[in-house]
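What follows is one structure encoded as structure tokens, with my remarks underneath.
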Amino acid sequence: MDLSLFRCQPGKKLETYETVPPSGITKEEALARLDENRLKMAALQDKLYAERKNALLLILQGMDASGKDSAIKRVLTGLNPQGVEVTSFKAPTAAELEHDYMWRTSLALPPKGKIGVFNRSYYEDVLVVRVHGLVPGHGMGDKEFWRARCRQIRNHEEYLLENGVVPVKIFFHISKEEQARRLLKRIDDPGKNWKFDAADIKERAYWEDYQRAYQKAFESTSTDQIPWYLLPSDKKWYARFLLSEILVEELKRLRPEYPVVSEQKKEMLEHYRALLEQGR
Ligand code: ATP
Ligand code: MG
């Protein structure tokens, strides 16, 4: 599958990216492929974990109800939980606000061998923080300030990549109409009532500002090495399938291998085999 179609392209406006799946794949096919990809991911993760050479950092962003939580639930099922660390970033605490904005995310970076998942991330610091002017003295229009933050993020991710932590950046792209349908479901479905948050309705009023802030963030942080993937997400089954395709490809690119056993260790293994076979 040609995943480059879903990479952020320089100069292309966010509103021109599809939120609906392309034709040519049915829901049944996508679900079957997702199942296959889960097995592939598990096999690759096993080697990643054993090798302890690289870490994968999956960054999930999207408007409220875009499907971040459920993608974690449905796509990562089947991985060894011991090798996965999920962190959800909410509004920062007073203690977190006393630090630089990447402090809390840096503490949550995955160690080598693991897959780290950021459910929201330091990107919130050029999104919600920009839209609501949460840095005193720096409004939405203070281009220089936000451009500098994006540069800091770009540099940070380059540093991570060069040090074996590979960022994979996913944006769940939904339409405003689809968001309304999903928020209504949270009201109508008793099993989803707990997810309803009046704040989501308040944020929805800033839809255009968010789209603009996302656009700016993508423009300055999507690079050849560390691109943003913009997933058409109005159909959850499609976004999940696509995420699984991206994860398989990214894991393969790391070429994880089980550690090569030294001659000395092989001798030791033979020694203990002999002992065990003698019934000791
Ligand atoms: P859902 O998609 O189901 O609405 P969610 O990811 O929005 O889930 P919530 O617990 O509803 O989860 O909200 C987290 C909130 O924290 C978001 O509104 C997000 O914008 C906010 N947040 C995250 N990081 C920051 C930050 N650095 N500054 C201010 N707000 C932040
Ligand atoms: Mg929310």
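Computed from a predicted model, the values in this text were never measured in an experiment.
- Separation of atoms CG (L134) and CG (D125) is listed at 9.0 Å; rounding is to 0.5 Å.
- Atom CD of Q9 is separated from atom CZ of F218 by 13.0 Å, given to the nearest 0.5 angstrom.
- Residue E178 holds its CD atom at 6.5 Å from NZ of K235, rounded to the nearest 0.5 Å.
- At least one side-chain heavy atom of L247 sits less than 4.5 Å from a side-chain heavy atom of L56.
- If you look at Y229 and F171, their ring centroids are not closer than 6.0 Å.
- Annotation for Q152 and M102: closest pair O-CE, 3.9 Å, computed over non-hydrogen atoms.
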Inset, instruction - Assess whether side chain to side chain contact (heavy atoms under 4.5 Å, CB included) is satisfied between L230 and R7, documenting all intermediate values. - result: CA-CA 6 Å; L230 278 53; R7 289 202 182 143; over 6 Å; no

Inset, instruction - List the steps, then state whether side chain to side chain contact (heavy atoms under 4.5 Å, CB included) holds for M1 with F241. - result: CA-CA 12 Å; M1 182 173 191; F241 152 69; 3.8 Å; yes

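- For E85, the side-chain hydrogen bond (donor to acceptor under 3.5 Å, both in side chains) partners two or more places apart in sequence, or in a different chain, are K114.
- D200 is linked by a side-chain hydrogen bond (donor to acceptor under 3.5 Å, both in side chains) to R186, counting only residues two or more places apart in sequence or in another chain.
- For the ring pair (Phe, Tyr, Trp, His ring centres under 6.0 Å) test, no residue two or more places apart in sequence or in another chain qualifies with F6.
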Inset, instruction - Go through the steps for L58 and I170 under the test side chain to side chain contact (heavy atoms under 4.5 Å, CB included), then give the verdict. - result: CA-CA 8 Å; L58 178 61; I170 304 292; 3.7 Å; yes

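- By the salt bridge (Lys or Arg N to Asp or Glu O under 4.0 Å) test, D234 is found to be paired with no residue, residues two or more places apart in sequence or in another chain being considered.
- Minimum interatomic distance between L48 and N54 (heavy atoms only, all atoms of both residues): CD1-O, 3.7 Å.
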Inset, instruction - Test side chain to side chain donor-acceptor pair (under 3.5 Å) on Q211 and H173 and set out the steps. - result: CA-CA 10 Å; Q211 301 296 302; H173 191 27; 4.7 Å; no

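- Using a cutoff of 4.0 Å between basic side-chain nitrogens and carboxylate oxygens, D69 and K195 are scored as salt-bridged.
- For the residue pair R240 and S70, a side-chain donor N or O sits within less than 3.5 Å of a side-chain acceptor on the partner.
- Comment: E36 does not engage R33 in a salt bridge, judged by the lack of any side-chain N to carboxylate O separation of less than 4.0 angstrom.
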Inset, instruction - Evaluate side chain to side chain donor-acceptor pair (under 3.5 Å) for Q61 paired with S121, printing each intermediate quantity in order. - result: CA-CA 8 Å; Q61 287 289 159; S121 62; 2.7 Å; yes

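- Taking 4.5 Å as the limit, some side-chain heavy atom of L44 sits within range of a side-chain heavy atom of K252.
- Cluster partners of V20, using a side-chain heavy-atom cutoff of under 4.5 Å among ILVMFWY residues and allowing indirect links: none.
- Nearest heavy atoms, P232 versus Y238: O-CD2, 3.7 Å.
- In this structure, K169 pairs ionically with E157, as a charged nitrogen and a carboxylate oxygen lie closer than 4.0 Å.
- Annotation: the span from E162 atom CD to E158 atom CD amounts to 6.0 Å, rounded to 0.5 Å.
- Here the side chains of K12 and Y17 are in contact, with some heavy-atom distance below 4.5 Å.
- Other members of the cluster containing I201 are L183, I187, F196, with ILVMFWY side chains joined at under 4.5 Å, either directly or via other members.
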Legend entry - Worked check of side chain to side chain contact (heavy atoms under 4.5 Å, CB included) between L57 and I59: CA-CA 6 Å; L57 174 62; I59 296 176; 4.0 Å; yes

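- The shortest side-chain heavy-atom distance between L243 and L34 does not fall under the 4.5 Å cut-off.
- Residues R182 and Q179 form no side-chain contact, since every pair of their non-hydrogen atoms from C-beta on lies 4.5 Å or further apart.
- Considering every non-hydrogen atom in both S220 and C150, the closest pair reads OG-CB, 3.2 Å.
- Considering only residues two or more places apart in sequence or on other chains, S244 meets the side-chain hydrogen bond (donor to acceptor under 3.5 Å, both in side chains) condition with N37.
- Inter-residue side-chain proximity for L60 and F118 is flagged as unmet; no heavy-atom pair is nearer than 4.5 Å.
- With sequence neighbours excluded, the residues that form a side-chain hydrogen bond (donor to acceptor under 3.5 Å, both in side chains) with D142 are H138.
- Within the 4.5 Å cutoff, no side-chain heavy atoms of Y101 are placed close to those of V129.
- Looking at V117 and I72, their side chains come closer than 4.5 Å, going by heavy atoms from C-beta outward.
- For the residue pair V248 and M41, the shortest heavy atom distance occurs at CG2-CG, 3.8 Å.
- The hydrophobic cluster containing M268 also includes Y272, L275, under a criterion of side-chain heavy atoms closer than 4.5 Å among ILVMFWY residues, counted directly or through chains of members.
- Within a 6.0 Å sphere centred on CZ of R38, other residues, nucleotides and ligands contribute more than 12 heavy atoms.
- L161 and I153 are not part of a single hydrophobic cluster, where members link through side-chain heavy atoms under 4.5 Å apart.
- Cluster annotation: L127 and Y206 are assigned to the same hydrophobic cluster (Ile/Leu/Val/Met/Phe/Trp/Tyr, side-chain heavy-atom contacts under 4.5 Å, transitive).
- A cation-pi contact, defined as under 6.0 Å to the ring centre and within 45° of the axis, is absent between R149 and Y122.
- The hydrophobic cluster around W103 extends to L107, counting ILVMFWY residues whose side-chain heavy atoms fall within less than 4.5 Å of a member.
- The distance from the CE atom of M63 to the OG atom of S233 is 13.0 Å, given to the nearest 0.5 Å.
- Remark: D188 does not engage K185 in a salt bridge, criterion side-chain N to carboxylate O under 4.0 Å.
- Exactly one of W228, W146, Y214 qualifies for a ring-ring contact (aromatic ring centres under 6.0 Å, His included) with Y123. That residue is W228.
- In this structure, R147 does not pair ionically with E144, as no charged nitrogen and carboxylate oxygen lie closer than 4.0 Å.
- Side-chain contact annotation: E203 with Y210, donor-acceptor N/O pair under 3.5 Å present.
- For S4 (side chain) and D2 (main-chain N/O), no donor-acceptor pair under 3.5 Å exists by modelled atom type.
- Atom CD of Q278 is surrounded by more than 12 heavy atoms from other residues, nucleotides or ligands within 6.0 Å.
- Atom NZ of residue K202 and atom CG of residue D197 lie 9.0 Å apart, to the nearest 0.5 angstrom.
- Taking every heavy atom of both residues into account, Q45 and N80 meet most closely at OE1-N, 2.7 Å.
- With salt bridges taken as basic N to acidic carboxylate O contacts below 4.0 Å, none links E177 and R181.
- In this structure R255 satisfies the salt bridge (Lys or Arg N to Asp or Glu O under 4.0 Å) test with no other residue, sequence neighbours excluded.
- Applying the salt bridge (Lys or Arg N to Asp or Glu O under 4.0 Å) definition to pairs two or more places apart or across chains, those involving residues 42-65 are D64-R120.
- Salt-bridge check for E270 with R273: passed, with a basic side-chain N closer than 4.0 Å to an acidic carboxylate O.
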